[in-house]
Student: 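One structure, as structure tokens, below. Some questions next.
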Amino acid sequence: MDMVNLKIDGFDITVPKNTTILEAAKKLNIDIPTLCFMKGINEPGSCRVCVVEVEGWRGLHPACATKVFEGIVVKTASSAVREARKNILELIMANHNRECLSCPRNLKCELQTLCNDNGIDTIPYEGKVDKGCLDTSGPIVRDPNKCVLCGRCVSVCSKIQDVSAIDFAFRGANMTVTTAYEEGLASQECINCGQCIKICPVGALQERDDTEKVWKALENPDLHVVVQTAPAVRVALGEEFGFAPGTNVEGKMVAALRRLGFDKVFDTNFSADLTIIEEGNELINRIQNGGKLPLITSCSPGWIKYCEHNYHDFIENLSSCKSPQQMFGAIAKSYYPTKADVDPRKVFVVSVMPCTAKKYEADREEMSVDGLKDIDAVITTRELAKMIRQAGIKFEELEDSKQDSILGTYSGAGTIFGNTGGVMEAALRTVADKLTGKSLDCIEYTAVRGLDGIKEATVNVAGMEIKVAVANGTGNASKLLDKIRAGEANYHFIEVMGCEGGCINGGGQPIIKDKSTTDDVKAARIKGLYNIDVSCEKRKSHENPKIQKLYAEYLGEAGGHKAHKLLHTHYTAR
Ligand code: FES
């Protein structure tokens, strides 16, 4: 490898050719500030916050877009650099809605941190802060007056998610990021995944805040308010309270939910197990009876909307199973009331989800049974943290608590649903047992684990070769489906998760402050889920005793009439 010697701020360093000044400085523990830059996703070199001085060159140069060369001498904090950086930040702030105190990103805003670090105390320029109205049309709320035009959201939406619901429009002072015809996001092909929220350096993109709806329900004595928490929430919620990424805070989370006043604290892991029973049954049926293959999972609402917009020819391939969130709601308003002796019309179901698209899914017209909506309110992991803080609960000091019966018991398989490959692995654990008629010991399908974009495996079950694939994010799903369309690949079963990494990296999860550690944080959250899996007494969904009881007492057969009415749905070409 060709190496290059250079000097940064008086320190010598040798790095590979083609390294940027930004990367070289990092090796010396010099943190050059950035705003628009996100490695591999958004590298336009446009904001100029990262400018540095290069000896012998005129002007200043963006460290994120300038490659090093032999003998280069760089200054990252000279007075010229500091002055320019300050000036650039003042100009950005002049065009920024500065209601920081009431902004959901207050204290977690990258622009705010940059301004603090660079001594911005007054804004000497008059700017333009009336670039458009707040878009509250759907679960993703957009505020153009806070947008700093860094382009990160545009890049993640087009390059990673393959959606392109937003883009730059107009020129000069009127430049903005907006939708086609400046319509609300809800009318667009936006899949509500919220990846734009997570990547936005400021508060220009946020989820719709549904915490007030939940507070009101908790205060209503006529309602019986139950809550479910998705698998991935417990390995990320702790980050909001100073725990390391991946720390399992399930016990404290349950205790906090009790303190908030929920009548019962249940678990989406339970209904993830239920999903596996129904989906596994559907897969076996389709394989044995010549049904439409490949069967494609349907638990990620972002992926479902993406498919409804872009892959009409695959709609019949989608599993008819509702997602674990919706299955939970349907059971909480049918079976649960018969056991708890409550009026189903008074049961109010709250979901705590790592995913902003779950807000959209809960509001889909078809997600109700006999006039009762499956789910009444959805809040994200971040919104739950906010409620815990509002209630003055000292989360770190809570004693662990356990979920309530009868919708709170789960298997390891239900837990790993929260990451890419997890639904596939959970399904294979059950399908292999069902097809062989044995309880198999070999249950770790490691070929479908990990953060690769597309994972493939062939699993031999009872003499049958089952070909499976996992698409990690909608961008990768698109590549995989295009290969199938072209006749270059075929499978029996495909898992698709709308967000890269799966739910652990959903749009509602805690914002990762140091974006350079995103992959480490994803890996830590995934590890947290597999640690729970191995610690579970039961690691297969069909061995969950409460699921067995649910079928024995209420549902009857998997895929039977009652299961169909409550737990299955249909999709719409859009
Ligand atoms: Fe380098 Fe924006 S971070 S130009």
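Note that these values count all heavy atoms, side chains included, but never hydrogens, waters or copies made by symmetry. Every number for a ligand or one of its atoms is a count from 1 in the order of the listing.
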Student: Taking only heavy atoms of S46, which atoms of ligand 1 are found under 4.0 Å from at least one of them?
Tutor: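 Here the atoms of ligand 1 in question are 4 (S).
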Student: Below 4.0 angstrom from a heavy atom of G45, which ligand 1 atoms are there? Numbered from 1 as shown, please.
Tutor: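 So the answer, numbered in order with elements, is 4 (S).
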Student: State the atoms of ligand 1, each with its element, that fall below the 4.0 Å cut-off from a heavy-atom position in T34.
Tutor: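 Result: 3 (S).
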Student: Once rounded to 10°, what is the value of the angle centred on atom 1 (Fe) of ligand 1 between C64 SG and C50 SG?
Tutor: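 An angle of 100° at the metal.
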Student: Is the shortest side-chain N to carboxylate O distance from E488 to K483 below 4.0 Å?
Tutor: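 Salt bridge absent between E488 and K483.
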Student: Would you check if atom 2 (Fe) of ligand 1 lies under 2.8 Å from any N, O or S atom of C150?
Tutor: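 Short answer: no, not a single N, O or S atom is under the cut-off.
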Student: Hey, does the Lys NZ or Arg CZ of K17 hover above the aromatic six-ring of F69, less than 6.0 Å from the centre and inside 45° of the axis?
Tutor: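 No cation-pi geometry.
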Student: Looking at R48, which atoms of ligand 1 are within less than 4.0 Å of one of its heavy atoms?
Tutor: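 Answer for ligand 1: 2 (Fe), 4 (S).
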Student: For the pair E383 and K213, find out whether any cationic side-chain nitrogen is under 4.0 Å from an anionic carboxylate oxygen.
Tutor: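 So E383 does not pair with K213 through a salt bridge.
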Student: May I ask you to decide if the ring planes of F314 and Y311 are parallel, tilted or perpendicular, using 30° and 60° as cut-offs?
Tutor: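 Geometry flag for Y311 against F314: perpendicular rings.
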Student: Could you tell me whether E240 and R389 make a salt bridge, using a distance below 4.0 angstrom between a side-chain N and a carboxylate O?
Tutor: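 Salt bridge flag = yes for R389 with E240.
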Student: Taking atom types as modelled, is there a side-chain donor on K198 or N505 under 3.5 Å from an acceptor on the other?
Tutor: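 There is such a pair (donor and acceptor under 3.5 Å, judged by atom type) between the side chains of K198 and N505.
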Student: Distance under 4.0 Å to a non-hydrogen atom of F37: what atoms of ligand 1 satisfy this?
Tutor: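 Checking each atom against F37, I get 3 (S).
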Student: Where does L22 meet ligand 1, judged by heavy-atom distances below 4.0 Å: at the side chain, the backbone, both, or neither?
Tutor: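 None of L22 does.
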Student: Mind listing the closest non-hydrogen atom pair of V163 and C190 along with its distance?
Tutor: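 That closest heavy-atom pairing would be CG1-CA, 4.2 Å.
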Student: Check ligand 1 against L35 and write out every atom of the ligand that is under 4.0 Å from a heavy-atom position of the residue.
Tutor: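 Ligand 1 atoms under the 4.0 Å threshold to L35: 3 (S).
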Student: So that I can check it, does any N, O or S atom in C36 come closer than 2.8 Å to atom 1 (Fe) of ligand 1?
Tutor: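 So C36 does not bind atom 1 (Fe) of ligand 1 by this criterion.
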Student: Counting backbone and side-chain atoms alike, does C47 have an N/O/S atom under 2.8 Å from atom 2 (Fe) of ligand 1?
Tutor: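 It does; at least one qualifying atom falls short of 2.8 Å.
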Student: Salt bridge or not between D162 and K479? Use side-chain N to carboxylate O under 4.0 Å.
Tutor: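 No.
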